[in-house]
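Structure first, then comments.
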Amino acid sequence: MKILVINGPNLNLLGEREPGIYGNETLKSINAGLRQRAEQGGASIDFYQSNHEGDIVDKLHSCRTDTDYVILNAGALTHYSYAIRDAIAAIKIPVIEVHLSNVHAREEFRENSVISAVCRGTIAGFGAYSYTMALDYALSQKK
Ligand code: DQA
């Protein structure tokens, strides 16, 4: 089983970015924990982060032939990127939408996700553990 974790804009600054909302853990440390858990579960895992919408669209396209699950935190693009929504709909791989923060308990513009309807499901509000839950779901589907 091959899993790809994609993080969008500003998530490279985790650890220093608004720690009261997003926590103190860096993306590098989150990814290291996910790698360990995935490997223990017998899956291989890759990581990609970009601040650019088109790069994320390209990554969704290019992973479509060799990936079983995508875990995606699209950052603010979640709320307005029809291009990412269409890319998710275009590929056959299940995509799990994750957010560190509870997007429903924040500013009004964060309440709407334009990608949720084309994702397998959404996990939000559990900090870095949101990624862990998404990973555990993917691992539970291993044949
Ligand atoms: C986020 C929530 C988004 O609204 C925000 O723009 C982010 C991070 C989260 O993980 O909580 O960049 O996706």
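We count residues from 1, following the sequence as given. Read the numbers this way: they start at 1 and go in the same order the structure lists the ligands and their atoms.
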May I have the step-by-step check of side chain to side chain donor-acceptor pair (under 3.5 Å) for T132 and R37, ending in yes or no? CA-CA 8 Å; T132 310; R37 201 174 182 93; 5.4 Å; no
Could an N or O of ligand 1 be found under 3.5 Å from any N or O of [X], whether backbone or side chain?
| X | result |
| --- | --- |
| R17 | yes |
| R110 | yes |
| L100 | yes |
| L11 | no |

Where ligand 1 meets N73 - atom numbers and elements under 4.0 angstrom, heavy-atom basis: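 Per the distance check, 1 (C), 9 (C), 10 (O), 13 (O).
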Could you list the atoms of ligand 1 found under 4.0 angstrom from a heavy atom of Y22?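 In order of number, 5 (C), 7 (C), 8 (C), 9 (C), 11 (O).
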Of the side chain and backbone of H99, name the one, both, or neither that has a heavy atom under 4.0 Å from an atom of ligand 1.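 Both of them.
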Protein heavy atom at shortest distance from atom 4 (O) of ligand 1: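 Closest protein heavy atom to atom 4 (O) of ligand 1: H79 NE2, 2.7 Å.
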Where is the nearest protein heavy atom to atom 11 (O) of ligand 1: which residue, which atom, and how far?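 For atom 11 (O) of ligand 1, the nearest protein heavy atom is S101 OG, 2.6 Å.
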Nearest 0.5 Å, please: how far is CD1 in I88 from OG in S116? 9.0 Å
Under 3.5 Å, side chain of T122 to main-chain N/O of E97, donor-acceptor pair present?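 Not at all, since once roles are kept as given, no pair shorter than 3.5 Å links the two residues.
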Decide whether the shortest distance between a heavy atom of V103 and an atom of ligand 1 is less than 4.0 Å.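 Yes; V103 lies near enough to ligand 1 that a heavy-atom distance drops under 4.0 Å.
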I'd like to know whether CZ of R17 has more than 12 heavy-atom contacts from other residues, nucleotides or ligands below 6.0 angstrom.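 Enclosed: over 12 neighbouring heavy atoms sit under 6.0 Å from CZ of R17.
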